Chemist: 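Sharing a structure below in structure tokens format, with a few things to ask.
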Amino acid sequence: MPAKEKEVRAWQRMLSGRRLDLLEPSPLDIEIDDITHGLARVARWNGQTSGDHAFSVAQHSVIVWQIFCKLESKSTPDEELIALLHDGPEYVVGDMISPFKAVLGGDYKLVEARLQEAIHRRYSLVPVTPEKLKKKIKRADSISAYFEAIELAGFERNEAIEFFGTPRGFSTDMFNFIPLGAQDAQNEMLKAFEKIERKRKNNA
């Protein structure tokens, strides 16, 4: 009789002690400390950026939130938190560059979507980001990506405009694009999260 195939492990143990199932993630296993810790140690642009440190997804997330707030001055605290956590799943799956995501296709997107939904449910947000809000966050994301591309990733300005559009009304000096160390990036994202949570509590 053939030996029973060993079951493939589909969970990851977090520093908080949580054991997160990657295929069926539970909101109960989501912790902001794990998210910020992971994202502060995940490099944007596959690490191909200038500076003494990698430019982390945590630092990017804070900048996207800041841009989103400037674009959408009447946004709700819930919408702000969705913007801050727009790359949340990457604390588990990493920041995969868009060309590679396209190669992997549906399975990757399914895992990412399930993780995003679990994160949203953990913090009492709408399970799936409404399309209109998603487009607004994407605009903020593209503006950040434009500046990251020319300031950190070696893109020519025309090339960055081709991929990310022109960031009208924004300039590099409005945000901090100097790559932070992991602990500093984590602290910045935690501070942003706590600021938004205070707003949510006051609005409740």
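The shown structure was predicted, so the numbers you read here are calculated from the model rather than taken from an experiment.
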Chemist: Would you indicate whether the side-chain heavy atoms of Arg13 and Arg18 approach each other to under 4.5 Å?
Modeler: no
Chemist: Flag the pair Ser144 / Phe175 as yes when at least one side-chain heavy-atom distance between them is below 4.5 Å, and no otherwise.
Modeler: no
Chemist: What are the two closest heavy atoms between Pro179 and Ser50, and how far apart are they?
Modeler: CG-O, 3.6 Å
Chemist: Could you tell me which non-hydrogen atom of Ala40 sits nearest to which non-hydrogen atom of Ser56, and how far apart they are?
Modeler: O-CB, 3.5 Å
Chemist: Distance alone, cut at 3.5 Å: any donor-acceptor contact between the side chains of Asp141 and His60?
Modeler: yes
Chemist: So, the side chain of His120 versus the backbone of Val126: is there a donor-acceptor pair under 3.5 Å, distance only?
Modeler: yes
Chemist: Taking the side chain as C-beta and beyond, is there a heavy-atom pair between Met14 and Gln12 under 4.5 Å?
Modeler: yes
Chemist: Should Ile67 and Phe170 count as side-chain neighbours, where that means a heavy-atom distance under 4.5 Å?
Modeler: yes
Chemist: Hey, mind stepping through Leu20 and Trp11 against side chain to side chain contact (heavy atoms under 4.5 Å, CB included) and telling me if it holds?
Modeler: CA-CA 5 Å; Leu20 183 66; Trp11 55 266; 5.9 Å; no
Chemist: Taking Gln116 for its side chain and Leu85 for its backbone only, find out whether a donor-acceptor pair lies under 3.5 Å.
Modeler: yes
Chemist: Under the salt bridge (charged side-chain N to carboxylate O under 4.0 Å, His left out) criterion, do Glu197 and Arg200 qualify, and how do the steps go?
Modeler: CA-CA 5 Å; Glu197 283 294 88; Arg200 296 179 80 203; 2.8 Å; yes
Chemist: Going through the checks in order, is the side chain to side chain contact (heavy atoms under 4.5 Å, CB included) test met by Ile143 and Leu71?
Modeler: CA-CA 11 Å; Ile143 291 170; Leu71 289 170; 4.1 Å; yes
Chemist: What is the minimum heavy-atom distance between Leu15 and Asp34, and which atoms define it?
Modeler: N-OD1, 3.7 Å
Chemist: Going by atom types only, do Asp33 and Ser16 share a side-chain donor-acceptor pair under 3.5 Å?
Modeler: no
Chemist: Would you say the side-chain atoms of Arg41 and Gln186 include a donor-acceptor pair closer than 3.5 Å?
Modeler: yes
Chemist: Evaluate the side-chain proximity of Leu39 to Gln59: yes if any heavy-atom separation is below 4.5 Å, no if none is.
Modeler: no
Chemist: Taking it one step at a time, do Met174 and Lys70 satisfy side chain to side chain contact (heavy atoms under 4.5 Å, CB included)?
Modeler: CA-CA 11 Å; Met174 294 172 71; Lys70 288 182 180 296; 3.9 Å; yes
Chemist: Compute the ring centroids of Phe147 and Phe155, then answer whether they are less than 6.0 Å apart.
Modeler: no
Chemist: Determine whether a donor-acceptor pair (N or O, by modelled atom type, separation under 3.5 Å) exists between the side chain of Asp21 and the backbone of Glu24.
Modeler: yes
Chemist: Check whether any side-chain heavy atom of Lys138 sits under 4.5 Å from a side-chain heavy atom of His86, and report yes or no.
Modeler: no
Chemist: Does Asn202 have more than 12 heavy atoms from other residues, nucleotides or ligands lying within 6.0 Å of its CG?
Modeler: yes
Chemist: If you draw a 6.0 Å radius around CD1 in Ile178, do more than 12 non-hydrogen atoms from other residues or ligands fall strictly inside?
Modeler: no
Chemist: From Thr49 OG1 over to Phe177 CZ, what is the distance, rounded to the nearest 0.5 angstrom?
Modeler: 12.5 Å
Chemist: For a quick test of reading the model, state the closest non-hydrogen atom pair linking Ser26 to Ala118 and the distance between them.
Modeler: C-CB, 4.4 Å
Chemist: Charged N to carboxylate O below 4.0 Å: is that the case for Lys109 and Glu112?
Modeler: no
Chemist: Please report the closest heavy-atom contact between Met189 and Ser61, naming both atoms and the distance.
Modeler: CE-CB, 4.0 Å
Chemist: Can you give me the closest heavy-atom contact between Tyr146 and Gly165, atom names plus distance?
Modeler: CD1-O, 3.5 Å
Chemist: Quick check: is Phe163 connected to Phe55 through a chain of hydrophobic side chains (ILVMFWY, heavy atoms under 4.5 Å apart)?
Modeler: yes
Chemist: Kindly work out whether a path of hydrophobic side-chain contacts (I/L/V/M/F/W/Y, heavy atoms less than 4.5 Å apart) joins Ile196 to Ile30.
Modeler: yes
Chemist: Test salt bridge (charged side-chain N to carboxylate O under 4.0 Å, His left out) on Arg114 and Glu117 and set out the steps.
Modeler: CA-CA 5 Å; Arg114 285 175 177 169; Glu117 182 175 337; over 6 Å; no
Chemist: Ignoring hydrogens and geometry beyond distance, is a side-chain donor-acceptor pair present between Asp78 and Thr76 at under 3.5 Å?
Modeler: no
Chemist: Considering only NZ, NE, NH1 and NH2 on the basic side and carboxylate oxygens on the acidic side, decide whether Glu79 and Lys136 come within less than 4.0 Å.
Modeler: no
Chemist: Report the residue from Val42, Leu22, Val111 that forms a side-chain contact (heavy atoms from CB on, under 4.5 Å) with Val93.
Modeler: Val111
Chemist: Just so I know, are the side chains of Tyr123 and Phe193 near enough to count as touching, which here means a heavy-atom distance under 4.5 Å?
Modeler: yes
Chemist: Quick one: does any side-chain atom of Asp184 pair with a main-chain N or O of Leu180 as donor and acceptor, under 3.5 Å?
Modeler: no
Chemist: Does any part of the side chain of Lys201, heavy atoms only, come nearer than 4.5 Å to the side chain of Arg198, both counted from C-beta?
Modeler: no
Chemist: So how far is it from Ile137 CD1 to Phe68 CZ, rounded to the nearest 0.5 Å?
Modeler: 5.5 Å
Chemist: Is it true that Glu162 and Asn158 share a donor-acceptor pair across their side chains at a distance under 3.5 Å?
Modeler: no
